[in-house]
Structures are given as structure tokens and as C-alpha cells.
Number of protein chains: 2
Amino acid sequence: MDLKITKYSRQRDIILRILRSTKCHPTADWIYEKVKKEIPNISLGTVYRNLNFLADKGKIRRFSFGGTTAQFDGDLRDHYHIRCDWCKRIEDVPHISTRISCQEIESLTGYRIHSLNLFFSGICPECQRKGEQ
Amino acid sequence: MDLKITKYSRQRDIILRILRSTKCHPTADWIYEKVKKEIPNISLGTVYRNLNFLADKGKIRRFSFGGTTAQFDGDLRDHYHIRCDWCKRIEDVPHISTRISCQEIESLTGYRIHSLNLFFSGICPECQRKGEQ
DNA sequence: AATAATATTAGTTATTATTATTGTTTTTAT
DNA sequence: ATAAAAACAATAATAATAACTAATATTATT
Ligand SMILES: [Mn+2]
Ligand SMILES: [Mn+2]
Ligand SMILES: [Zn+2]
Ligand SMILES: [Zn+2]
């Protein structure tokens with residue numbers, strides 16, 4: 001919750017800036033390669049540590065779409081995701097008009113709900129054009 | 001799609017039966033431990049191979065909820081999931097009345113949509129009772 | 001400003017999940 | 001019964017992530 005109680009770190013700052021400046025949903029390794037251009041001797045462990053830290057504090061999102069590696073999203077605005085089953089690309093679904101009643105889910109499950117994640121999978125336009133697989 | 005073209009395998013049969021008979025959303029390793037009681041010398045690789053095979057054929061679901069290991073679900077009926085942020089348990093959300101318009105998403109993104117996954121996270125009733133963390 | 005306390009780091013090693021390989025066995029088609 | 005194909009167990013290899021440690025950077029206190 002409170003990022004204030006932590007000390008400043010240039011590494012964390014840059015990691016957060018890079019994540020926020022991309023539209024893709026990168027892996028720790030992807031971010032590592034980017035940060036290395038600014039801090040050549042940063043270590044992958046630092047990237048993981050800070051990504052997990054930021055995710056735990058709710059400053060970024062961490063998820064994985066069936067794949068084996070975690071992916072991160074610096075965009076905290078309400079939005080959803082779609083993945084192509086063939087080329088595996090992930091894109092934002094910017095806005096949908098339907099409202100899902102979290103209150104209904106809360107009374108149905110007894111949970112206090114923090115977040116709602118909606119993701120679709122299917123075939124992207126490009127793969128549709130290219131045809132089978 | 002067609003499981004028919006493959007040869008019969010007792011191992012795959014048992015893996016599928018075990019997955020279908022549990023309400024939890026187990027990892028490959030959890031299933032491995034169960035299968036071992038029936039086939040003591042089965043190998044973990046066989047479990048992985050068959051789970052991936054079944055998932056690729058659409059006979060089971062494979063996903064991971066932020067954690068580092070894949071989880072599987074033998075229940076193909078439309079239903080959604082919720083995870084407790086504290087104890088990490090995952091449960092089914094059996095049914096929700098909201099309608100999400102996949103057609104709207106299709107026209108918005110150009111994707112041909114195959115599936116819709118909805119998952120919530122929050123605090124389970126038990127953790128709420130126990131209090132902080 | 002100097003000092004002390006502590007968070008964070010780079011570098012490294014360890015762990016864990018998953019996939020690939022290989023030689024053998026089981027299943028199916030002829 | 002024979003042969004081809006698929007699946008197997010066992011194992012080695014890979015890849016993702018976490019843990020450790022001594023050094024450094026940041027903050028708080030004097
Ligand atoms: Mn996004
Ligand atoms: Mn389920
Ligand atoms: Zn595609
Ligand atoms: Zn809980």
C-alpha cells in the first residue's frame with residue numbers, strides 16, 4: 001500500500017518507468033534487457049525483487065496467462081485482456097460496457113473482493129488472415 | 001479436438017479421472033502424487049505430457065493464477081474462479097447472472113473469441129474471520 | 001556535516017517447474 | 001502374428017524464480 005516507507009532506489013524507479021511506458025505486457029526478462037541499457041550492471045534478481053515488490057504494493061499488476069512465465073502490466077486502469085491462441089500475443093481490451101456485479105459475487109462466495117480480472121482468448125485478426133495455425 | 005486419433009493409455013485415463021474427481025484446481029505434482037497410488041512407477045514427465053496433451057485438445061483447462069506453477073481444471077462447464085489473496089486458495093464461482101457480450105469484444109478487437117475467463121481475487125471468509133494477514 | 005541504522009544492490013548459488021531425450025513397452029492396424 | 005505408431009519410465013537439460021551474502025546507497029539522528 002504505502003510505497004512511502006521504502007527508500008528511494010534508482011533501479012526501482014527505472015523499472016517502473018519502463019513498465020509504464022510500454023503497451024505490451026512484458027516478462028521480467030524483457031524488462032531486464034531494457035533496464036540494462038540504462039544500468040548495465042543491474043542484475044536480474046533486482047528486477048524480479050522490484051517487480052514483486054511493486055506488485056505486492058499494488059503499484060503494478062502481475063499475472064500469467066497459462067504460460068510458464070509471469071507477465072507484468074503497469075496500467076492500473078480498469079481494463080481487460082485478450083490472448084491469441086495461435087501467436088500468443090496479448091492485447092488490452094480497452095473498455096467493455098457490461099457491468100459485473102461484484103456485490104453479487106461477494107454474497108455468493110462470502111469473499112471480500114479486491115479485484116476482477118477478465119480475459120478472453122481467441123484468434124487475432126492477423127492469424128485469421130494467415131489461416132490455420 | 002479429436003481424442004479419438006490417439007491410442008489408449010491407462011495413464012492418461014487415470015490422470016483424467018483423478019482431475020475430474022476433485023473440486024480443487026491441482027498442480028501437475030499434486031496429480032502425480034495421486035496417480036502414483038494406482039501406478040507406483042509412473043513418472044512426473046508422463047503426467048505433464050498428458051496434462052498438456054489434454055489441455056491442447058480442450059479436454060481440460062490449464063491456467064495459473066499469478067502463482068509460479070500451472071494449475072488444471074477438469075470441469076469444462078462455464079464457471080469462474082476466485083482466489084484469496086492471503087491463503088491463496090482457489091474456488092469456483094459457480095454462476096453469475098451478468099452477461100458479457102462477446103460479440104461486442106469481437107467487434108472491438110477483431111478477434112474471434114474462443115473463451116472467456118473471469119477471475120476474482122479478494123479475502124476468503126475464513127481469513128476475514130482470522131483477521132489481518 | 002558526520003554517524004548510525006537500515007534498505008537495497010550486484011553477484012552468485014540454489015531451488016523449482018517444466019521440457020526434451022532415449023531406449024523400452026504397449027497399443028493398434030494389417 | 002507382425003509391424004508401425006504412440007506412449008512409456010527414467011533421466012538429463014533448460015528455464016524461471018528465489019535465496020543468500022557482502023558491499024553500497026539512502027535515510028534518520030545527532
Ligand atoms: Mn493491460
Ligand atoms: Mn474450476
Ligand atoms: Zn494471432
Ligand atoms: Zn483465505
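Chain A is the first sequence line, chain B the second, and so forth, proteins listed ahead of strands; every chain is numbered from 1.
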Exercise. Please give, in whole Å, the distance from dA17(C) P to R62(B) CZ?
Worked result: 17 Å
Exercise. Is there a donor on the side chain of K7(A) or the base of dT6(C) sitting less than 3.5 Å from an acceptor on the other?
Worked result: yes
Exercise. Side-chain N or O of R49(B) less than 4.0 angstrom from OP1 or OP2 on dA7(D)?
Worked result: no
Exercise. Side-chain N or O of Y48(A) less than 4.0 angstrom from OP1 or OP2 on dA18(D)?
Worked result: no
For this session: Following the transitive rule for hydrophobic clusters with a side-chain heavy-atom cut-off under 4.5 Å over Ile, Leu, Val, Met, Phe, Trp and Tyr, establish whether I39(A) and V47(A) coincide in one cluster.
Result: yes
For this session: Measure the CD1-CD1 distance between I82(A) and I90(A) for me, rounded to the nearest 0.5 Å.
Result: 11.0 Å
Exercise. Taking five pairs at each end, how big is the angle between the two axes of the helix from dA1(C)-dT30(D) to dT30(C)-dA1(D), to 10°?
Worked result: 40°
Exercise. Hey, does D29(B) reach any base, or is it just sugar-phosphate, or nothing, if we go heavy atoms under 4.0 Å?
Worked result: nothing
Exercise. Salt bridge between R129(A) and E126(A), side-chain N to carboxylate O under 4.0 Å?
Worked result: no
Exercise. Does NZ or CZ of R61(A) fall inside the cone over F72(A)'s six-membered ring, less than 6.0 Å from its centre and within 45° of the axis?
Worked result: no
Seminar exercise, completed: In this structure, NZ of K34(B) is separated from CD1 of I15(B) (nearest 0.5 Å) by 14.5 Å
Exercise. So, is N52(A) near the phosphate of dT17(D), with a side-chain N or O under 4.0 Å from OP1 or OP2?
Worked result: no
Problem set entry | Rounded distance (Å) that lies between atom P of dT16(C) and atom OH of Y32(B) | 15 Å
For this session: Would you verify whether the NZ or CZ of R83(B) falls within 45 degrees of the ring axis of F119(B) while also being under 6.0 Å from that six-membered ring's centre?
Result: no
Exercise. When all nucleic acid strands are considered with a 4.0 Å heavy-atom cut-off, which category describes L44(B): base, sugar-phosphate, or nothing?
Worked result: base
Problem set entry | Distance test, side-chain N/O of R12(A) to OP1/OP2 of dT8(C), below 4.0 Å | yes
Exercise. Is any side-chain nitrogen or oxygen of Q11(B) closer than 4.0 Å to OP1 or OP2 of dA9(D)?
Worked result: yes
Seminar exercise, completed: Comparing nearest nucleotides in DNA chain C, the 5'-proximal residue of the pair P40(A), T27(B) is P40(A)
Problem set entry | d(CZ, F63(B); P, dT18(C)) in whole Å | 14 Å
Exercise. For N41(B) and dC8(D), is the shortest distance between a side-chain N/O and OP1 or OP2 below 4.0 Å?
Worked result: no
Exercise. Given atom CD1 of I42(A) and atom C1' of dA25(D), what is their separation to the nearest angstrom?
Worked result: 14 Å
Exercise. So what does Y8(A) hit on the nucleic acid, given a heavy-atom distance under 4.0 Å: a base, only sugar-phosphate, or nothing?
Worked result: sugar-phosphate
Problem set entry | Short side-chain N/O contact to dT9(C) OP1/OP2 from S9(A), under 4.0 Å | yes
Exercise. Tell me: CZ of F53(A) to C1' of dT17(D), nearest whole Å?
Worked result: 19 Å
Exercise. Roughly how many Å is it from CG in N50(A) to P in dA10(C), rounded to a whole number?
Worked result: 9 Å
Exercise. Can you find a side chain N or O atom of T6(B) that sits less than 4.0 Å from OP1 or OP2 on dA6(D)?
Worked result: no
Exercise. Considering heavy-atom distances to DNA chain D, does R10(B) or G45(B) have its closest nucleotide positioned more toward the 5' end?
Worked result: R10(B)
For this session: Name the nucleic acid region contacted by T69(A), choosing base, sugar-phosphate or nothing; use a 4.0 angstrom heavy-atom cut-off, strictly under.
Result: sugar-phosphate
For this session: Nearest whole angstrom, please: distance from the P of dG11(C) to the NZ of K36(A).
Result: 11 Å
Problem set entry | Test side-chain hydrogen bond (donor to acceptor under 3.5 Å, both in side chains) applied to S121(A) and S115(B), step by step | CA-CA 5 Å; S121(A) 68; S115(B) 80; 2.9 Å; yes
Problem set entry | Atom pair OG/NE2 of S64(A) and H25(A) - distance to nearest 0.5 Å | 13.0 Å
Exercise. How close or far is atom P of dT8(C) from atom CG of L51(A), stated in whole angstroms?
Worked result: 14 Å
